[in-house]
Amino acid sequence: MKFGGTSVADAAAFENVARIVANERAAVPIVIVSAMSGVTDSLLAATDIASLENVFDRHRAVAHELLDTSRAADFVENELRNAAIQLDALLQSIIQKPAEHKLLQDAVVSFGEILSSTLLAEVLKQKGIQARQIDARSCIITDDEFASAAPLMEETFAQSQSELIPVLESGVTPVLGGFIGSTKQGVTTTLGRGGSDYTAALIGAALSVSEIQIWTDVTGVLTADPRIVPEAQTVERLSFGEAAELAYFGAKVLHPKTIQPAIENSIPVRICNSRAPHELGTLVGPETETSPRTVKAIAHKTGVTTVQITSARMLGAYGFLRALFEVFDRHRTVVDVVTTSEVSVSLSLDDASALPAIVAELEELGTVRVEKGRAIICVVGEGLRGTPGIAARVFSTISDINVTLISQGASSINFTFAIEEERVKEAVTRLHEEFFATKKGT
Ligand code: ASP
Ligand code: MG
């Protein structure tokens, strides 16, 4: 059970987590927790210990509110005080040793998860749940790519098993901070932003759990963005492939990279809402079952720029696409959707900040056309692969809206296209109506 930062934002949130964990006790859970919301950002921005006063205050407040006097005093006087002493020293050495910046920075941010996991274990004990904080750094063993360390699977699996199995066997619930790890030599590392999901997937895979639960503040993945389609519903089941396609769009609930260990070990991942714990959320799993409605979700993204490069030189030539993509590579610009014809390539970008320089270089390859203010709409569903007529339905539903850059992914489970941003609301609403509302009861 992984709880994100908003699930441990304050005392009420901690208490809620304790209730949710208590309800699952029969299933023998392992708890993974992120730093309290905003703490990772504060630690990354900290220049001295004084700038962290608010971080300490928030932990102290939770301790005083939820723990009895001696437990709270113990947490504040030992855990918080030690953290402050170590952070003070670390922040000073960051200034003195700029060459070790990344290494020291990881040690600094690790305190977010060290403190939240220690505090959560205390809160669970206070509520009568046998729990113990386990230092995630003795389970997640990584390389030394600080700030985005990659786990060493063999070591991580072995360590996680030897650290956690005895705890579980003694009937105690282990509580680990997400996101943090250590090198084989014991130097603290972090897995990159949002890394707590990754920790959950790694621990889940190492212990062959029956389900990995990602507890967040939304009810799973929805059939469309609820700000545009208020009647959007929770998608009950998604395949790993469908979830990966949706991750790029607002449905940022699961990053495909972070659940890779779950995918490889066929462990289902459930996205649960800590504000509505009785709702089932969305179960993401290995099954590629097709929904009776075929389409599972309609996602979209605005603020997209599309670029079209046309060149007769491309016909029958090799190396053209390489030259083209090298331009984006040089400017470290992420390309999302790509479609090509014999003599043209169209693609979409989220971040167009390097565009003037990119266009100047692309013009050496062919004629370039840039369109700003576009939106990408993505229709996702395993059933798209073999169901005729979906594209016809999509396009006839929005037949008065100009569509560009049409792409059906290689996996054939998504159908993606660009339109003008101003019409996205209308298009998504109409598509949702076509594929969901009108189908009710069939
Ligand atoms: N606390 C880390 C972050 O904010 C990791 C996580 O929450 O998943 O990125
Ligand atoms: Mg997070």
Side-chain angles (χ1 to χ4, degrees), residues 1-10 13-14 16-17 20-21 30-46 51-52 54-56 58-59 62 79 83 87 90 102-121 133-137 139-140 142 145-151 156 160 174-182 188-205 212-218 220 243 247 251-262 269-275 281 284:
M1 305 177 78
K2 179 261 171 177
F3 294 90
T6 53
S7 301
V8 288
D10 53 24
F14 268 87
N16 190 37
V17 168
I20 294 169
V21 172
I30 299 167
V31 176
I32 315 283
V33 66
S34 290
M36 289 176 74
S37 59
V39 166
T40 304
D41 288 327
S42 300
L43 289 164
L44 284 169
S51 55
L52 291 173
N54 179 36
V55 166
F56 292 113
R58 284 176 62 203
H59 287 87
V62 174
E79 307 299 335
L87 279 166
L90 284 166
K102 276 189 150 181
L103 178 152
L104 294 165
Q105 181 88 281
D106 270 1
V108 168
V109 291
S110 70
F111 279 94
E113 271 73 10
I114 292 172
L115 290 176
S116 65
S117 57
T118 311
L119 187 50
L120 181 58
Q133 193 249 16
I134 302 291
D135 193 332
R137 293 172 296 181
C139 296
I140 307 293
T142 72
E145 189 65 48
F146 296 101
S148 60
T156 296
S160 301
V175 181
L176 290 82
F179 178 54
I180 60 178
S182 79
T188 300
T189 55
T190 65
L191 302 173
R193 293 310 303 269
S196 295
D197 289 358
Y198 201 11
T199 304
L202 288 166
I203 299 282
I212 294 166
Q213 298 179 345
I214 304 290
W215 289 82
T216 173
D217 54 1
V218 295
K252 286 206 184 74
V253 269
L254 281 186
H255 192 294
K257 187 189 128 193
T258 62
I259 58 165
Q260 196 57 37
V269 180
R270 190 182 292 281
I271 302 157
C272 309
N273 185 354
S274 44
R275 293 183 186 151
V284 184

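Atoms within each ligand, like the ligands themselves, are counted from 1 in listed order.
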Practice problem: Keeping to residues at least two apart or across chains, list the salt bridge (charged side-chain N to carboxylate O under 4.0 Å, His left out) pairs with something in residues 33-42. | Solution: Asp41-Arg193

Quiz item: Does Gly192, backbone or side chain, put an N or O under 3.5 Å from an N or O of ligand 1?
Solution: no

Quiz item: Going by heavy atoms, is Gly4 under 4.0 Å from ligand 1?
Solution: no

Quiz item: Does ligand 1 have any atom that is closer than 4.0 Å to a heavy atom of Gly195?
Solution: yes

Quiz item: Roughly how far, to the nearest 0.5 Å, is the CG atom of Leu103 from the CG atom of Leu90?
Solution: 9.5 Å

Practice problem: Flag the pair Arg137 / Thr188 as yes when at least one side-chain heavy-atom distance between them is below 4.5 Å, and no otherwise. | Solution: yes

Quiz item: Which atoms of ligand 1 sit under 4.0 Å from any heavy atom of Ser34?
Solution: 6 (C), 7 (O), 8 (O)

Practice problem: To the nearest 0.5 Å, tell me how far Cys272 SG sits from Ile20 CD1. | Solution: 8.5 Å

Quiz item: For the residue pair Asp10 and Val62, what are the closest heavy atoms and their distance?
Solution: C-CG2, 3.9 Å

Quiz item: Does Lys2 reach ligand 1 with a nitrogen or oxygen that is under 3.5 Å from one of the ligand's nitrogen or oxygen atoms?
Solution: no

Self-check item: Contact atoms of ligand 1, heavy-atom distance to Arg193 under 4.0 Å
Solution: 3 (C), 4 (O), 9 (O)

